[in-house]
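Sequence positions, counted from 1, serve as the residue numbers for this chain.
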Amino acid sequence: MLPLILPSSDRQSLRRTLRARRRALSVFARKKAARELAHRLAALPALKTAQHIALYWPVDGEIDTRTLLRHARMTRRKFYLPVLRKFPANTLAFARWHAGRALHPNRLGIPEPAGRVTFSARHMDVILLPLTGFDARGNRLGMGGGFYDRTLAFRKHGHAHKPVLIGVAHACQQVDRLESAVWDIPLNQVATDKHVFR
Ligand SMILES: Nc1ncnc2c1ncn2[C@@H]1O[C@H](COP(=O)(O)OP(=O)(O)O)[C@@H](O)[C@H]1O
Ligand SMILES: [Mg+2]
């Protein structure tokens with residue numbers, strides 16, 4: 001797939017284009033991509049040693065990371081899903097996720113674990129962030145809510161090695177170059193069904 005060449009200032013139209021692209025993938029292509037991504041992720045040094053791993057519930061054609069939960073190399077890890085926080089406004093905390101346990105839709109309609117116990121981003125060893133778009137340098141375009149940027153704003157100051165931020169996407173969501181805003185938090189790595197960018 002050829003990288004898109006669009007004016008990167010036009011974030012909204014770029015989001016629309018890339019969202020349509022990922023939604024256009026067939027069910028078969030999606031399943032295959034999810035399997036291939038899980039293999040790539042499980043082989044990454046950051047995931048080999050991680051105990052606390054944040055995934056997300058895929059919506060809008062986002063690549064499915066849930067396969068990782070049952071991956072042979074990922075036994076005895078603790079998995080988490082993001083939950084919306086009111087304070088600080090529009091940030092994320094992370095709640096333990098056990099496959100098969102009930103989830104409840106949040107105000108955006110995205111399923112969250114039901115329990116009240118949540119952990120901050122700093123408690124995670126690895127956070128897998130859904131990407132709407134990305135470039136090879138680790139710039140991230142999200143869905144436009146800025147939730148991960150706000151949650152990870154502490155990364156702007158200092159050089160915490162934890163959590164390792166790994167953006168994940170279908171390969172067709174790569175663009176040549178994304179202009180990052182001052183509040184955008186850069187990724188440590190990007191993994192797709194086809195490549196890993198470090
Ligand atoms: N650390 C932050 N503090 C306050 N607002 C923020 C912060 N990070 C992002 N935002 C807000 O979130 C909005 C969406 O951010 P953007 O990077 O465009 O979305 P996304 O990362 O979801 O693609 C921005 O308009 C910005 O004002
Ligand atoms: Mg952003």
Side-chain angles (χ1 to χ4, degrees), residues 22 25 29-59 61-83 91-101 103 110-113 115 117-143 147-149 151-155 158-174 184-198:
R22 71 185 179 193
L25 294 170
R30 231 175 261 291
K31 285 194 172 149
K32 184 164 177 277
R35 267 197 316 274
E36 286 170 5
L37 177 70
H39 286 307
R40 280 181 209 288
L41 287 173
L44 292 179
L47 271 127
K48 282 185 179 162
T49 56
Q51 289 306 308
H52 305 279
I53 304 169
L55 308 177
Y56 58 86
W57 192 268
V59 297
E62 288 169 344
I63 196 161
D64 196 343
T65 56
R66 294 172 298 179
T67 318
L68 203 59
L69 207 80
R70 284 177 221 90
H71 197 282
R73 289 201 201 144
M74 289 288 121
T75 55
R76 291 191 295 278
R77 315 306 177 87
K78 295 190 170 78
F79 288 95
Y80 300 76
L81 285 176
V83 299
T91 60
L92 304 170
F94 297 88
R96 274 299 296 281
W97 180 39
H98 307 272
R101 192 93 51 89
L103 300 170
I110 303 170
E112 292 182 351
V117 183
T118 62
F119 301 86
S120 82
R122 294 168 198 262
H123 188 77
M124 301 296 114
D125 297 313
V126 170
I127 298 181
L128 299 181
L129 297 83
L131 304 173
T132 300
F134 68 95
D135 67 18
R137 297 181 309 161
N139 292 310
R140 168 180 187 265
L141 187 70
M143 291 273 262
F147 290 94
Y148 283 96
D149 289 327
T151 303
L152 299 167
F154 66 91
R155 292 284 287 251
H159 300 278
H161 65 282
K162 204 183 116 164
V164 177
L165 306 177
I166 306 178
V168 295
H170 290 104
C172 63
Q173 289 165 252
Q174 183 176 1
D184 280 325
I185 305 298
L187 302 162
N188 298 116
Q189 297 177 18
V190 174
T192 71
D193 46 317
K194 304 264 188 288
H195 291 102
V196 174
F197 304 84
R198 296 157 209 263

Side chain proximity check, Leu47 to Leu68, heavy atoms < 4.5 angstrom: yes

Minimum heavy-atom distance between Ala136 and Gln174, given as atom pair plus value: CB-NE2, 4.0 Å

Side chain to side chain contact (heavy atoms under 4.5 Å, CB included) assessment of Arg137 paired with Phe197: CA-CA 8 Å; Arg137 297 181 309 161; Phe197 304 84; over 6 Å; no

Separation of Met74 CE from Lys48 NZ (nearest 0.5 Å): 9.0 Å

From CG (Leu81) to OG1 (Thr118), nearest 0.5 Å: 12.5 Å

Side-chain heavy atoms of Phe94 within contact of His52, under 4.5 Å: no

Any Phe134 side-chain heavy atom under 4.5 Å of Thr192 side chain: yes

Flag if over 12 foreign heavy atoms under 6.0 Å of NZ, Lys162: yes

Which atom of Leu128 lies closest to which atom of Tyr148, heavy atoms considered: O-OH, 4.2 Å

Side chain to side chain, Arg22 and Arg30, heavy atoms closer than 4.5 Å: no

Donor-acceptor contact present, side-chain Arg77 to main-chain Leu69, <3.5 Å: no

Residues Met143, Glu62; criterion side chain to side chain contact (heavy atoms under 4.5 Å, CB included); working and verdict: CA-CA 10 Å; Met143 291 273 262; Glu62 288 169 344; 4.2 Å; yes

Heavy atoms from other residues, nucleotides or ligands near NE2 of His195 exceed 12 (cutoff 6.0 Å): no

Sub-4.5 Å side-chain heavy-atom contact between Val126 and Ile166: yes

Any residue meeting ring pair (Phe, Tyr, Trp, His ring centres under 6.0 Å) with Phe119, in chain and number order, not counting sequence neighbours: Tyr80, His123

Trace of the side chain to side chain contact (heavy atoms under 4.5 Å, CB included) decision for Val168 with Tyr56: CA-CA 10 Å; Val168 295; Tyr56 58 86; 3.3 Å; yes

Spacing of CG belonging to Leu152 relative to OG1 belonging to Thr91, to within rounding of 0.5 Å: 10.0 Å

Main-chain N/O of Thr132 paired to Gln173 side chain as donor or acceptor, under 3.5 Å: yes

Closest non-hydrogen atom pair, Ala171 against Asp193: N-OD1, 2.9 Å

Leu131 vs Leu187 side-chain heavy atoms within contact, under 4.5 Å: yes

Donor-acceptor contact below 3.5 Å, side chain Asp135 vs main chain Gly138: yes

Within-4.5 Å side-chain heavy-atom neighbours: Leu165 and Arg140: no

Considering all heavy atoms, the nearest Gly61-His170 contact: O-CE1, 3.3 Å

Heavy-atom side-chain proximity of Leu103 to Pro113 below 4.5 angstrom: yes

Spatial distance of atom NE2 (His161) from atom CG (Asp125) [nearest 0.5 Å]: 8.5 Å

Donor-acceptor contact below 3.5 Å, side chain Thr65 vs main chain Leu55: no

Expected output: side-chain Arg155 to main-chain Pro163 donor-acceptor under 3.5 Å: yes

Interatomic distance, Leu92 atom CG to Glu112 atom CD [nearest 0.5 angstrom]: 9.0 Å

Considering all heavy atoms, the nearest Asp64-Leu37 contact: O-CD2, 4.5 Å

Nearest non-hydrogen partners of Val164 and Ala46, listed with the distance: CG1-CB, 4.0 Å

